[in-house]
There are 2 protein chains.
Amino acid sequence: MNATPRWLTAEQKAAWDSFIRMQEKLIGRLARHVQADSGMSAADYIVLAKLTEAGGRMRFMDLAKLVEWEKSRMSHQVGRMAKRGLVAKEECPDDGRGAFIVATPAGHKAIEDAAPVHVEHVRRLFVEALTQDELDTLARISNRVVAHLEMQPD
Amino acid sequence: MNATPRWLTAEQKAAWDSFIRMQEKLIGRLARHVQADSGMSAADYIVLAKLTEAGGRMRFMDLAKLVEWEKSRMSHQVGRMAKRGLVAKEECPDDGRGAFIVATPAGHKAIEDAAPVHVEHVRRLFVEALTQDELDTLARISNRVVAHLEMQPD
DNA sequence: CCACTCTAGTTGACACATCAACTTTCTGCC
DNA sequence: GGCAGAAAGTTGATGTGTCAACTAGAGTGG
């Protein structure tokens, strides 16, 4: 209970505001590009990308852990993607509860078509905005924040 | 049409991946905190924060521009917030199409209660992970990316 | 073999975001 | 004045994310 809350300094607030603004604009723009170019959402893209990178067939939970999503989110997402024919669910013989998620041929084709275009957008909108030094610095800062997050309670 | 797409270099991809990962974890965690601490979504928070900062009464479109949202998003959001008593809509006398959005007393109280807690989370999870130098660097990098984005087509 | 607990995954309700289509009012121009 | 077009907002459809509750099979100790 502190009656006079400690606000951020001007520099801290500036950094926070700039970061938030950049992040929203950049992510939003890329999401719109993916959608427009390939008809996939950013969620479709990342799931399909990670799944095919890993061989196109994974246990549900392994996939969820790989993209760091909770199972509910993944379940809904996979359900939608299955309905659209990008992936299929298969029963798991050794574990009656389990499921394999498999990229369909259409799924493979979708990600193969989408990936180069997406990378081009990442390059154009993000990579080319910065020098390699700045990219390295940003990576270092990001990793530091993640490490810090993982040390903090909850 | 390039048959051999130019992928990112390892360093570029590392920077991109680290940034995305950090951003998702950090934003997600803060959103969950706002929700848990105050019962407001991150969207509620930002709208209410900007609105009260600006005096608690704004034209709909000015508010939308201030938070850089499209009008549809703002309309839905304001509708939900009005239903929950955080803001109210008022007719605009000089412009028959227009509307004022006003923070209700409950809205003012909600943001006043939520803001210090939220700032504390930003400090704990983000500011304290980094030195002031790193914060400055991140701000500079962010501003550079935004400037770059604003120069790019679409 | 039985009970207890854990893990895998689903489901339903609800809040949120986006897109496109729509209504109403204003403004500029003839 | 009158009309074309732009601006202010709304609306509905659809996809997405979160939470909590749920089912069902697997593992473990007695």
Side-chain angles (χ1 to χ4, degrees), chain A residues 24-25 27-48 58-102 154, chain B residues 24-25 27-48 58-102 154:
Chain A
E24 273 172 12
K25 291 205 174 215
I27 303 296
R29 191 120 141 204
L30 280 167
R32 259 172 276 122
H33 274 304
V34 174
Q35 183 72 50
D37 294 342
S38 67
M40 285 193 285
S41 68
D44 294 336
Y45 182 91
I46 187 72
V47 167
L48 219 38
M58 284 183 91
R59 279 295 293 269
F60 179 93
M61 260 304 160
D62 294 340
L63 182 55
K65 278 171 196 139
L66 188 60
V67 299
E68 303 185 272
W69 282 9
E70 32 174 336
K71 58 189 181 169
S72 171
R73 183 179 181 184
M74 186 58 80
S75 182
H76 284 299
Q77 181 65 33
V78 163
R80 287 186 299 259
M81 290 174 75
K83 194 174 306 180
R84 291 165 44 217
L86 295 172
V87 300
K89 288 184 247 188
E90 285 181 11
E91 276 181 21
C92 180
D94 0 341
D95 189 336
R97 306 162 293 184
F100 280 102
I101 311 302
V102 193
D154 62 293
Chain B
E24 272 171 13
K25 292 205 174 215
I27 303 296
R29 190 119 143 205
L30 280 167
R32 261 173 275 122
H33 274 304
V34 174
Q35 182 73 48
D37 294 342
S38 67
M40 285 193 285
S41 68
D44 295 336
Y45 182 91
I46 186 72
V47 168
L48 219 38
M58 283 182 91
R59 278 296 293 266
F60 179 94
M61 259 304 160
D62 293 342
L63 182 54
K65 277 170 197 140
L66 188 60
V67 298
E68 303 185 271
W69 282 9
E70 30 174 337
K71 58 191 182 167
S72 171
R73 183 178 181 184
M74 185 58 81
S75 182
H76 284 299
Q77 181 65 33
V78 163
R80 286 187 300 262
M81 291 175 75
K83 194 174 304 180
R84 292 166 45 218
L86 295 172
V87 300
K89 288 183 247 187
E90 286 181 9
E91 276 182 22
C92 180
D94 0 342
D95 190 334
R97 304 163 295 183
F100 280 102
I101 311 301
V102 193
D154 62 293

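Side-chain contact between Met81(B) and Leu48(B) is present, with at least one heavy-atom pair separated by less than 4.5 Å. Proximity of Met74(B) to Val67(B): side-chain heavy atoms (C-beta onward) are separated by under 4.5 Å at one or more points. Using a 4.5 Å heavy-atom threshold, the side chains of Ile46(A) and Trp69(A) count as touching.
Of the two residues contacting DNA chain D, namely Val78(B) and Ser41(A), the nearest-nucleotide position lying further toward the 5' end is that of Val78(B). Comparing Pro93(A) and Ala43(A) by the nucleotide of DNA chain D that holds the closest heavy atom to each, the one mapping nearer the 5' end is Ala43(A). With the nearest nucleotide of DNA chain C identified for both Met74(A) and Trp69(B), Met74(A) has the one nearer the 5' end.
More than 12 heavy-atom neighbours from other residues, nucleotides or ligands sit within 6.0 angstrom of CD on Glu68(A).
Contacts between residues 94-102 of chain A and DNA chain C, defined by a heavy-atom separation under 4.0 Å, are made by Arg97(A), Gly98(A), Ala99(A).
Rounding to the nearest 0.5 Å gives a distance of 9.0 Å between CE of Met61(B) and OG of Ser75(B). The distance from the CD1 atom of Ile101(A) to the CG atom of Leu86(A) is 12.5 Å, given to the nearest 0.5 Å.
Arg80(B) comes within contact range of at least one nucleobase, with a heavy-atom separation under 4.0 Å. Backbone-only engagement by Gln77(A) is indicated by non-hydrogen atom pairs under 4.0 Å involving sugar-phosphate atoms exclusively. Counting any heavy atom pair closer than 4.0 Å across all strands shown, Lys83(A) reaches no nucleic acid atom. Contact annotation for Glu70(A): backbone-only contact, meaning every heavy-atom pair under 4.0 Å involves sugar-phosphate atoms and none involves a base.
The nucleotide range of DNA chain D contacted by chain B, defined by atoms under 4.0 angstrom from heavy atoms of the protein and reported 5' to 3', is dA7(D) to dC19(D).
Side-chain contact check for Arg32(A) and Gln35(A): no donor-acceptor pair (N or O, by modelled atom type) lies under 3.5 Å.
For the pair Leu30(A) CG and dT18(C) P, the interatomic distance rounds to 13 Å; values are reported in whole Å. When rounded to the nearest whole Å, the span between CD of Glu24(A) and C1' of dA17(C) equals 12 Å. In this structure, Met81(B) places its CE atom 13 Å from C1' of dC16(C), rounding to the nearest Å. Here the C1' atom of nucleotide dC14(C) and the CD atom of Gln35(B) are 11 Å apart, to the nearest Å. Atom CG in Asp62(A) sits roughly 13 Å away from atom C1' in dG9(C) (whole-Å rounding). Between the C1' atom of dA13(C) and the CZ atom of Arg73(A) lies a distance of 18 Å, rounded to the nearest Å.
Between the side chain of His76(A) and the base of dG9(C), no donor-acceptor pair of N or O atoms lies under 3.5 Å. Applying the 3.5 Å distance criterion, the base of dT11(C) shares a donor-acceptor pair with the side chain of Ser72(A).
Gln77(A) approaches Ala43(A) most closely through the heavy-atom pair OE1-CB, 3.5 Å. Between Arg59(B) and Cys92(B) the shortest heavy-atom distance is NH1-SG, 3.2 Å. Minimum interatomic distance between Glu91(B) and Phe100(B) (heavy atoms only, all atoms of both residues): O-CD1, 4.0 Å.
For Ser75(A), counting side-chain heavy atoms from C-beta on, the closest listed nucleotide (dC19(C), dA17(C), dT10(C)) is dT10(C).
Regarding contacts with the backbone of dG9(C), a side-chain N or O of Arg59(A) is found under 4.0 angstrom from either OP1 or OP2.
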